[in-house]
Amino acid sequence: LFECDAKLAKLLKDAEMTGVVADRLRQCSDADAFGVELVDIVERVMRREASRVRKLPEAGYYRRLLAELECIGWDSLVYVNDAMDVLHIRVVVDHQRSKKRREHVLQVRLSPATYPAEAPKCFVELPEAMTFSWPSS
């Protein structure tokens with residue numbers, strides 16, 4: 001119904017607002033009135049999108065995590081996601097019974113809101129059960 005910038009078109013389409021914009025365009029008596037309506041719609045969509053954006057953890061979370069990774073050793077880090085709350089860490093274990101060294105990948109899920117006061121969730125595939133302990137702070 002109308003042409004606009006590609007970014008604006010995508011924003012309106014993603015927010016499923018193209019029908020609303022088309023309705024307002026038909027209802028407005030002139031271009032100025034439509035401009036005011038369009039600004040109102042875009043502002044509402046932008047506020048809604050801003051509320052969906054994930055809030056980043058405090059800088060202290062990243063400082064502590066980086067310091068701990070430095071202690072563990074960067075060569076042990078197999079994977080980290082963009083949010084830095086899921087890590088895969090390579091662990092090499094010397095098995096006393098079999099006298100073999102085995103490599104395992106420990107999956108760690110941190111909760112930035114509660115870490116380090118609350119223990120991370122840890123997952124690993126092992127032939128034997130393993131318990132994790134976490135110091136209380």
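Numbering of residues begins at 1 and proceeds along the displayed sequence. Nothing here was measured: the structure is a model prediction, and the numbers come from that model.
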Open item on the list: Per the side-chain hydrogen bond (donor to acceptor under 3.5 Å, both in side chains) rule, what does the pair list look like for residues 75-84, sequence neighbours excluded?
Closed with: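 Sorted result for residues 75-84: Asn81-Asp85.
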
Check [X] against [Y] and note the closest heavy-atom contact, atom names and distance.
{"X": "Met84", "Y": "Leu66", "result": "CE-CD2, 4.0 Å"}
{"X": "Ala33", "Y": "Asp30", "result": "N-OD1, 2.7 Å"}
{"X": "Val86", "Y": "His88", "result": "CG1-NE2, 4.1 Å"}

Check for me, please, whether [X] and [Y] land in the same ILVMFWY cluster - side-chain distances under 4.5 Å, paths through other members count.
{"X": "Val105", "Y": "Val92", "result": "no"}
{"X": "Met46", "Y": "Val39", "result": "no"}
{"X": "Leu56", "Y": "Leu87", "result": "yes"}

Between atom [atom1] of [X] and atom [atom2] of [Y], what is the distance when rounded to the nearest 0.5 Å?
{"X": "Glu58", "Y": "Arg63", "atom1": "CD", "atom2": "CZ", "answer": "9.5 Å"}
{"X": "Glu37", "Y": "Asp32", "atom1": "CD", "atom2": "CG", "answer": "12.0 Å"}
{"X": "Tyr62", "Y": "Leu69", "atom1": "OH", "atom2": "CG", "answer": "13.0 Å"}

Open item on the list: Using side-chain heavy atoms (C-beta onward) and a distance below 4.5 Å, is Ile72 in contact with Leu77?
Closed with: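 No - every pair of side-chain heavy atoms lies 4.5 Å or more apart.
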
TODO: For residues Val124 and Val91, determine if any side-chain heavy atom of one lies less than 4.5 Å from a side-chain heavy atom of the other.
DONE: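 Contact flag for Val124/Val91 side chains = no.
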
Open item on the list: Within a 6.0 Å radius of atom CZ on Arg44, are there more than 12 heavy atoms belonging to other residues, nucleotides or ligands?
Closed with: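 Count over threshold, so yes.
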
Open item on the list: Is it true that, when you exclude Glu103 itself, more than 12 heavy atoms of the residues, nucleotides or ligands shown sit nearer than 6.0 Å to its CD?
Closed with: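 Atom CD in Glu103 is packed in, count exceeds 12.
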
